[in-house]
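Here is the structure we will look at, set down as structure tokens.
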There are 2 protein chains.
Amino acid sequence: MTRPVTSTDVARRAGVSQSAVSRAFSQGASIAPETRRKVLEAAAELNYRPNRIPAIMLSGRSRMVGVVVGGLSNPFYASTLECLATSLRAAGLQILLVHVDDALTLDSALDQLLSYRVDAVVTALAIGSQRAARMLSDLAIPVICFNSRLTGPWISTVVSNNHAAGLTAAQVFESCGVTRPAWLAGPVRNAASRARGHGFIAGVRANSARWPDGVLEMRGDDSYESGYDAIRRLLARGERPDGLFSSNDLMACGAMDALRQHGSLNCPDNVVMMGYDNIPQAGWHAYGLTSFDQQVDCLVDAATQLLDAALGPDGGPVSRTRVVDARLVTRRSTARLI
Amino acid sequence: MTRPVTSTDVARRAGVSQSAVSRAFSQGASIAPETRRKVLEAAAELNYRPNRIPAIMLSGRSRMVGVVVGGLSNPFYASTLECLATSLRAAGLQILLVHVDDALTLDSALDQLLSYRVDAVVTALAIGSQRAARMLSDLAIPVICFNSRLTGPWISTVVSNNHAAGLTAAQVFESCGVTRPAWLAGPVRNAASRARGHGFIAGVRANSARWPDGVLEMRGDDSYESGYDAIRRLLARGERPDGLFSSNDLMACGAMDALRQHGSLNCPDNVVMMGYDNIPQAGWHAYGLTSFDQQVDCLVDAATQLLDAALGPDGGPVSRTRVVDARLVTRRSTARLI
DNA sequence: ATGATTATTGCATAGCTATGCACAGCTATG
DNA sequence: CATAGCTGTGCATAGCTATGCAATAATCAT
């Protein structure tokens, strides 16, 4: 193991002081161009690169952000993470990634993140977050949540306009001539799913002349399999909805496959279907699923802005909410006119 | 902004020295149980948690691993990352995540990682890596690659047995009575794809009595769309393969959809099809795609072991390769007997 | 009881960089 | 020519914890 190259090594080689080396690498520091050139040359020869660790101690800012994810097998979360990574890097922030299965992992994961002195935490989890959020608040660590309803002095939130999208779904169903609307919810703890359901059910109730029986409700766990199973059980019970709004695309894909497999029903002829997230699979030809695009770019932009604000020099407790409208992407699954 | 709580604060409150606080939090340090109890109590009251940053300076080890990913929209990479995150966390390592689009990003990303003094780098990228790998080698940073053929004194590799799988695919095609085998390759720079293709073509050539015309070859870029387009163009040219081995599942799904859409051909009656990765979508009912499972768990386990070895106290340049056999998962797309 | 051994604790320091401060050298102005 | 102002440089230090070492206390053996 060779000792890593320090700024002092570079200074010696360039014939300057260690301070000069530091200044050569800090933007906007007071240093003569010629000196900087010498330093950079010596640095290149020694393969030196600045060490941010002592800077963290001095400044108290690590420029690392803890990102807590779960369920990357949902393409929506995967692409959100991808987008977030790009955006944070552009903002000069590093990502300390934690994957979480359960609440227990979350707590220990947070301890780890805090040991590394992350400046903030970004999460798309609802799971067990209320307590964790309080812990972070106590430590004055800004938190940015996606699609969650956590509250607290240091917590900011970016949400899709879930309720409005639910209403829109009901309108689309009306224009497709749906007579028996159904709603496939996500897990109870998923706040975004609840909001979508509330919006949809409100939209259906508002049209009780057309839909006196209201909404047929099912529940899944946001996975493909749970969507498939929910519909399989529904068909086995003899129910025959002709319009299905699913809380996310994964379940919608499962549901569509179950309709074909167990009911020989297809979209849009027998059932009109809508999902949420607009994952790539929704656009695959086997599905052609109409979906609400959460506009990940916008969500992530908003998150990064909130983050910047929270990490700004003022440093008071920031607690803001940004709502991003979902964009309806129409495909074959709703291509039916009355 | 309240000043963060330091070990000295805790020491003062607990009536002990700062050293005692440090020892209370280090496993196996020499400290009386009673003293530890007092310290932990004071720490809890003050909401203190150990700060790893100074420890990084002292030990020279950050216990952070740079993870470089690209193409998270491929569910295979997403689940690999998920699995890797779990495994590294169990090994007590943190993940500093970097998402990379192009070679330029890669270089600057590596600079960032190195500034944060990561102990090692894990990557699943082939893109522009040879130069980057040399840079890391110069700095004596261990590198673990997935499915790549990079070499160097500090570089270890975990690969799926791509060539063997290609041979197997040819055998499966034989037992399905395929008469016109086709190969859908990934991008040229993808070493894993090349190996799969070599294996498959070798398997077909070894059976030249049955397949005198060899393999019909196409190329995509590993995306669903490229698989779809490749088959659409193929059908437009009037070609009619009856067995298709795709370098990955995403392209296979696209290919299957194109067969249905543009040729009214279905699997397995008209075309037998195999993919690679065994992504969840391969198991979806709309596809039922036979695929080679890379056994992500095993790959990641191997990677973590290599990492542990590379981070061990001996610390010499480690350069090993671990090969994991792919497991054939048979589904509808090859359910055809002669 | 006494010396030897062990267990526990505190002191002092290293680890590397960014930055305030003072100073040196130089330019411009009167 | 003297002075003021400006630029660039080096010195010294802070930031927080882990750990070697010495000292102290406690336990044990003889």
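Below, chain A is the first sequence line, B the second, and so on; all start at residue 1.
Annotation: ring pair (Phe, Tyr, Trp, His ring centres under 6.0 Å) contacts involving residues 64-95 of chain B, sequence neighbours excluded, are absent.
Of the N and O atoms on the side chains of Q305(B) and R322(B), at least one donor lies less than 3.5 Å from an acceptor on the other residue. N147(B) and R149(B) share no side-chain donor-acceptor pair at under 3.5 Å. A donor-acceptor contact closer than 3.5 angstrom links the side chains of S87(A) and T304(A). Counting only N and O atoms by type, the side chains of D222(B) and N74(B) include no donor and acceptor under 3.5 Å apart. Inspection of the R49(A) and N51(A) side chains reveals no N or O donor paired with an N or O acceptor under 3.5 Å.
The separation between R37(A) atom CZ and dG8(D) atom C1' is 16 Å, rounded to whole Å. At whole-Å resolution of the value, CZ in R12(B) and P in dG10(C) are 14 Å apart. Between the OH atom of Y116(B) and the C1' atom of dT17(C) there is a distance of 14 Å, rounded to whole Å. A straight line from CD1 of I31(A) to P of dG25(C) spans 18 Å, rounded to a whole angstrom. Atom-to-atom, CZ of R23(A) to P of dT7(D) comes out at 14 Å; the value is rounded to the nearest Å.
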For residues 14-21 of chain A, tabulate all N or O donor-acceptor pairs below 3.5 Å that involve a side-chain atom, not counting sequence neighbours.
{"residue": "S17(A)", "atom": "OG", "partner": "S19(A)", "partner atom": "N", "Å": "3.4"}
{"residue": "S17(A)", "atom": "OG", "partner": "A20(A)", "partner atom": "N", "Å": "3.3"}
{"residue": "Q18(A)", "atom": "NE2", "partner": "S7(A)", "partner atom": "OG", "Å": "3.4"}

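Across all strands, V16(A) comes closer than 4.0 Å only to sugar-phosphate atoms, never to a base (heavy-atom distances). Within the 4.0 angstrom heavy-atom criterion, no nucleotide atom of any strand lies near R52(A).
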Show me the protein contacts with nucleotides 12-16 of chain C, counting only N or O atoms at under 3.5 Å.
none

Under 3.5 Å, N/O pairs linking protein and nucleotides 26-28 of chain D:
none

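At least one donor-acceptor pair under 3.5 Å links the side chain of R63(B) to the backbone N or O of G92(B). Without hydrogens or angle criteria, R23(B) side chain to I31(B) main chain gives no donor-acceptor distance under 3.5 Å. Remark: side-chain polar atoms of S62(B) are paired, donor with acceptor, to backbone N or O of R117(B) under 3.5 angstrom.
No donor-acceptor contact under 3.5 Å links the side chain of R36(A) to the base of dG8(D).
For the helix from dA1(C)-dT30(D) to dG30(C)-dC1(D), the terminal axes (five pairs an end, C1' atoms, rotation from four pairs onto the next four) enclose an angle of 30°, given to 10 degrees.
Partners of F25(A) by ring pair (Phe, Tyr, Trp, His ring centres under 6.0 Å), not counting sequence neighbours, listed by chain and number: Y48(A).
The side chain of S30(A) has dT9(D) as its nearest neighbour among dG20(D), dT9(D), dT19(C).
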